[in-house]
Amino acid sequence: MTDTLSTAVSHELDGNALLDAYRTMRTIRAFEERLHDEFATGEIPGFVHLYAGEEASATGVCLHLDDRDAIASTHRGHGHCIAKGVDVKAMMAEIYGRRTGSCHGKGGSMHIADLSKGMLGANGIVGGGPPLICGTALAAKQKGTGGVGVAFFGDGASNQGTTLEAMNLASVWQLPAIFVAENNGYAEATSSTWSVAADNIADRAAGFGMPGVIVDGFDFFAVHEAAAEAIQRAREGGGPTLIEVKFTRYFGHFEGDQQTYRAGEVAYARENLDCLKRFRARVTETGQVEAARLDAVDAQVADLIDAAVEEAKAAPKPTAADLETDVYIEY
Amino acid sequence: MNDAIRKVVMPKWGLSMTSGKVTEWIASEGDEIADGDDLAEIDTDKIAGALESADEGVLRRIIAQVGEDVPVGATIALIAPADVPDAELDEAALLAREELDSGAVAEVAGPVTGSVEVDGRTVCFAALGEGEETVVLVHGYGGDKNSWLFVQEPLSQSHTVYALDLPGHGESTKDVGDGSLDVLAGAVLGLLAERGIERAHLVGHSLGGAVVVAAAAREPARVASLTLIAPAGFGSRINAGYLRGFAEARSRRELKPHLAALFADPGQVTRQLADDLMRYKRLDGVDKALGALLGTLLDGDEPALDVAPLLSEVDVPVAVVWGRQDAVLPATNGEGLDDVEYVERAGHMVHLEQPNAVVVAVNAVTNRR
Amino acid sequence: MARTISYREALGEALAQEMERDESVIVLGEDNAGGAGSPGEDDAWGGVLGVTKGLYHRFPGRVLDTPISESAFVGAAIGAATSGLRPVAELMFIDFMGVCFDQIFNQAAKFRYMFGGKAKTPVVIRTMYGAGLRAAAQHSQALYPIFTHIPGLKVVVPSSPYEAKGLLIQSIRDDDPVIFCEHKAMYDVTGDVPEDSYTIPFGEAGVVRDGDDVTIVAIGRMVSVAEEAAKQLAESGVEAEIIDPRTTSPLDTETILESVENTGRLVVVDEATPRCNLATDISALVAKEAFGSLRAPIEMVTAPHTPVPFSDALEDLYIPDAQRVANAVKTVVEWKR
């Protein structure tokens with residue numbers, strides 16, 4: 001059942017939608033590159049895992065979603081958050097451990113969430129998200145909202161029992177769920193060519209009785225197209241789909257990773273495969289969006305990220321009074 | 001056995017009681033006993049209370065020892081006039097002892113429970129006795145039909161005695177509508193109608209007192225007499241703090257201190273009482289019902305009810321019983337009423353603390369014509 | 001009205017009444033209906049012990065059988081709870097927490113705090129615990145202390161049919177994740193249970209018996225063991241106060257401390273193994289907060305630090321019984337400096 005989709009026909013995106021998609025991808029890229037620089041200064045606490053290079057996946061999928069729909073993410077979750085509409089400044093403040101952050105400084109990079117936007121949280125546990133998405137999809141199905149659940153997970157999580165159990169359950173219950181395996185080539189420092197016993201993660205879909213597709217993760221249009229089909233099928237009661245998105249992450253597993261296990265694939269990808277470059281080339285060549293408008297977006301995004309960092313640094317940290325609040329709703 | 005020898009049996013206080021223990025014999029062998037005298041302290045796993053004598057004579061033999069678990073209905077003592085020979089009492093005592101030891105005690109019939117539908121609400125009741133005339137017992141705010149346990153059985157010896165759960169209480173529907181006296185009086189009258197009781201003696205405690213007055217005013221022909229025990233709706237004083245405390249308490253810990261206001265003897269406030277009341281308060285809908293009824297009882301910190309005008313319209317025998325130490329509706333509230341019997345060593349819950357005073361008053365008023 | 005019904009029936013009634021009241025309540029778990037996809041009857045089982053029997057037909061589409069995939073369906077219950085449902089998932093045996101614990105303690109328990117107070121996860125995980133059915137090491141443990149240890153979870157251990165119904169309804173209406181631990185040897189225990197719906201608030205201990213000589217705090221099924229011991233002790237003139245915390249998280253510390261301040265002696269009876277269990281937790285609480293009231297060292301009656309054995313000869317020794325409780329009480333009552 002596995003198909004390989006190359007760059008397919010764009011799914012009816014008008015100029016504004018394309019510009020939105022570009023803005024999202026650019027925001028993610030700028031956010032992550034800035035974090036890469038800021039982390040090096042030592043000012044950002046804890047663990048940070050960057051999504052740069054993978055922007056087309058979160059953006060191409062989430063462009064189809066609205067507030068009925070929920071997504072679950074991974075420890076590499078900033079891109080999913082931005083694509084699902086979480087406030088960028090609140091995210092930055094959260095990563096800086098500030099009280100003004102999305103989670104008031106109690107979650108950090110690995111736990112940014114905004115349930116009002118259907119963003120069920122970045123997740124520090126590999127394979128933590130897919131079972132949860134069965135639940136949000138079940139809720140949508142029970143309530144008849146037409147909503148879907150999307151579980152983003154990595155090649156590492158594709159080997160977790162939770163992910164496999166969740167795919168089976170979603171198929172057994174015919175849930176409106178989409179499983180997006182973001183295969184960036186590495187689970188920590190281990191290559192997916194070694195850790196995933198199948199040729200492709202998407203091949204596993206057959207074992208769960210659901211369609212599986214492979215898409216070029218550097219190609220926004222390919223992701224967008226595959227997601228469109230899967231999401232439409234889910235909304236119409238056709239059950240779950242597994243989409244494997246293949247690409248390379250631009251940074252290490254975490255900030256500080258020396259990446260001695262890698263060869264030169266990042267430089268090659270940045271130069272020849274990069275999703276933003278390809279997007280820009282395509283939409284300007286077809287005349288759908290003028291380059292100047294893209295440039296304007298770049299500038300706006302840069303300003304936004306500057307402001308986000310500046311505000312985050314200036315924001316207050318949580319206080320002792322916050323330590324024991326919000327463990328329970330009522331206790 | 002000589003008919004002059006009267007058996008004192010383990011009483012059945014409430015539906016679930018199957019046995020009890022004498023924790024103390026108040027009377028001793030040889031004591032002269034009058035009707036209504038306290039004979040013994042009885043303890044069940046749920047409640048403790050004093051057993052009052054229903055006979056007069058001399059306490060001739062004690063059968064059940066302190067601490068002995070005795071089934072309901074079993075003979076625990078014998079009362080007889082002084083001239084009955086000892087030999088006859090020895091024989092009767094031996095039989096009673098054998099019965100107790102064998103465990104072959106005939107089961108005592110408890111109240112018959114049932115329910116009727118009134119205005120879309122289920123009204124539950126427990127009926128006891130087969131007397132020609134009917135007595136209906138109406139509890140107060142937060143009470144239920146079981147609060148009459150010490151009164152219903154003695155009254156049932158001469159009457160058919162109904163104890164009901166008002167809407168919002170016990171096992172009845174918890175919806176009380178606007179919580180008005182009219183809704184509650186309607187439930188009492190509805191019970192009479194549904195059970196085919198043409199005329200009944202109504203006994204009401206506290207809020208129930210106001211309810212039975214309202215019922216009598218609404219359908220005077222159905223009411224043979226009224227016994228008002230610490231009734232609401234008379235006088236100018238009310239313990240608003242108690243009422244709100246009771247309504248708002250969320251746990252046994254919060255509730256228990258308020259309950260002290262109910263009794264002259266603080267020892268009556270047992271953990272079991274508080275537990276039972278919490279079981280009631282936890283039922284869905286009770287919170288809302290108690291809130292609505294609070295509005296019926298209170299206007300700010302003042303009494304909201306005045307049923308004296310209603311009572312003046314009613315032409316039936318009326319008895320009023322009030323505990324001297326009532327801290328919820330103080331006894332001075334009875335000043336405007338005729339022939340109030342003030343009961344010593346009783347707080348608001350006269351029928352629990354001094355049940356005999358209530359039994360005597362009801363028996364007297366039901367015999368008045 | 002109150003009738004005598006079993007622990008099993010009380011639980012089933014709580015589920016049915018809540019499903020009737022609130023259509024966002026759903027039930028899911030292995031064989032909660034039973035017979036899914038099979039040629040014979042559907043609703044064949046109603047859960048392995050019949051608690052959910054009958055709900056499948058009464059509430060169409062709201063009782064979901066699951067594959068044997070605890071991570072997936074417990075996680076699904078948690079995810080659904082974040083999205084507007086009030087799922088009651090049945091984790092058949094508490095021992096199976098081992099295959100789905102991440103979803104409970106890293107996901108459900110932490111959402112609210114980790115997301116800055118913005119998440120609401122009203123999920124109930126019903127699960128069977130306890131020894132006594134010769135079910136051996138992987139189907140008999142009393143693992144509620146592990147859940148009690150986790151901030152963000154509420155843990156309920158009902159000791160009777162009355163508590164079972166009221167606490168389950170409270171669990172379903174509660175907006176936090178609740179682990180509801182049913183003792184597998186109690187399903188046929190009967191007791192008075194009101195027909196109406198009612199809730200028992202969390203963090204309010206029940207005082208099962210009054211006494212001035214010693215406080216016995218007992219968890220779950222151990223409450224009835226303590227009552228049996230107290231009856232024996234009363235014959236020798238020792239009156240024990242028995243406290244049933246009902247919920248181990250939150251824990252009603254006040255009722256325990258007040259009682260110990262009165263009795264001066266404490267025995268804790270906990271079916272869990274002895275390290276870091278409720279017995280040690282409550283003992284530490286009392287030692288710290290009521291040290292001045294203690295007239296004797298605290299006694300703990302627990303299972304031994306072993307897996308649950310299979311053979312009846314061993315399992316009967318493993319489970320705390322009334323004699324051991326009575327002996328512990330005698331030790332504290334007779335203790336002299």
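Please read these numbers as outputs of a predicted model, since none were measured by experiment. Chain naming here is simple, since letters A, B, ... match the order of the sequence lines and numbering starts at 1 in each.
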Chemist: With a 4.5 angstrom heavy-atom cut-off, which part of A:Thr325 approaches chain C: side chain, backbone, both or neither?
Modeler: backbone
Chemist: In terms of heavy-atom proximity below 4.5 Å to chain A, should C:Asp65 be classed as side chain, backbone, both, or neither?
Modeler: backbone
Chemist: Would you name the heavy atoms of C:Leu85 and A:Lys143 that are closest together and state the gap between them?
Modeler: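 Closest approach of C:Leu85 to A:Lys143: CD2-CG, 4.1 Å.
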Chemist: Is there a donor-acceptor pair under 3.5 Å between the side chain of C:Tyr113 and the backbone N or O of A:Leu323?
Modeler: yes
Chemist: Write down the atom of C:Asp102, the atom of A:Gly128, and the distance for their closest heavy-atom approach.
Modeler: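 Distance-wise, the nearest heavy atoms are OD2-CA, 4.2 Å.
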Chemist: With a 4.5 angstrom heavy-atom cut-off, is it the side chain or the backbone of C:Phe73 that approaches chain A, or both, or neither?
Modeler: both
Chemist: Which bit of C:Ile150 comes within less than 4.5 Å of chain A, counting heavy atoms only: side chain, backbone, both or neither?
Modeler: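 Backbone of C:Ile150 only, per the 4.5 Å heavy-atom cut-off to chain A.
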Chemist: Contact part of A:Leu120 toward chain C, heavy-atom cut-off under 4.5 Å: side chain, backbone, both or neither?
Modeler: both
Chemist: Heavy-atom pairs under 4.5 Å with chain A - which of C:Cys100, C:Ala36, C:Ala77, C:Ala80 has more of them than the others?
Modeler: C:Ala80
Chemist: I need the minimum non-hydrogen distance between A:Tyr328 and C:Gly152, along with the two atoms involved.
Modeler: OH-N, 3.0 Å
Chemist: Is it the backbone or the side chain of C:Ser249 that comes under 4.5 Å from a heavy atom of chain A, or both, or neither?
Modeler: both
Chemist: What part of A:Asp114 is in contact with chain C, defined as an atom under 4.5 angstrom from a non-hydrogen atom: side chain, backbone, both or neither?
Modeler: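 Neither part.
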Chemist: For A:Val172, which atoms come within 4.5 Å of any heavy atom of chain C: side chain, backbone, both, or neither?
Modeler: side chain
Chemist: Please determine, among C:Arg62, C:Lys118, C:Gln103, C:Glu23, the option with the most heavy-atom pairs under 4.5 Å with chain A.
Modeler: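 Highest number of heavy-atom pairs under 4.5 Å: C:Gln103.
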Chemist: For residues A:Val327 and C:Arg112, report the shortest heavy-atom separation together with the two atoms involved.
Modeler: O-CB, 4.1 Å
Chemist: Specify which of C:Ser24, C:Gly203, C:Gly75 makes the most heavy-atom pairs with chain A at under 4.5 Å.
Modeler: C:Gly75
Chemist: Among C:Gly61, C:Gly117, C:Pro250, which residue forms the greatest number of heavy-atom pairs with chain A at distances under 4.5 Å?
Modeler: C:Pro250
Chemist: Using non-hydrogen atoms only, which part of C:Leu153 is less than 4.5 Å away from chain A: side chain, backbone, both, or neither?
Modeler: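 Interface part for C:Leu153: backbone (N, CA, C, O).
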Chemist: Shortest non-hydrogen contact from C:Phe115 to A:Leu115?
Modeler: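 Looking at all heavy atoms of both residues, the shortest contact is CD1-CD1, 3.6 Å.
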Chemist: Identify which part of C:Asp175 has an atom lying under 4.5 Å from any heavy atom of chain A, answering side chain, backbone, both or neither.
Modeler: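 Both parts, backbone and side chain.
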Chemist: List the atom of A:Leu169, the atom of C:Pro67, and the distance in Å for their closest heavy-atom pair.
Modeler: CD1-CD, 3.2 Å
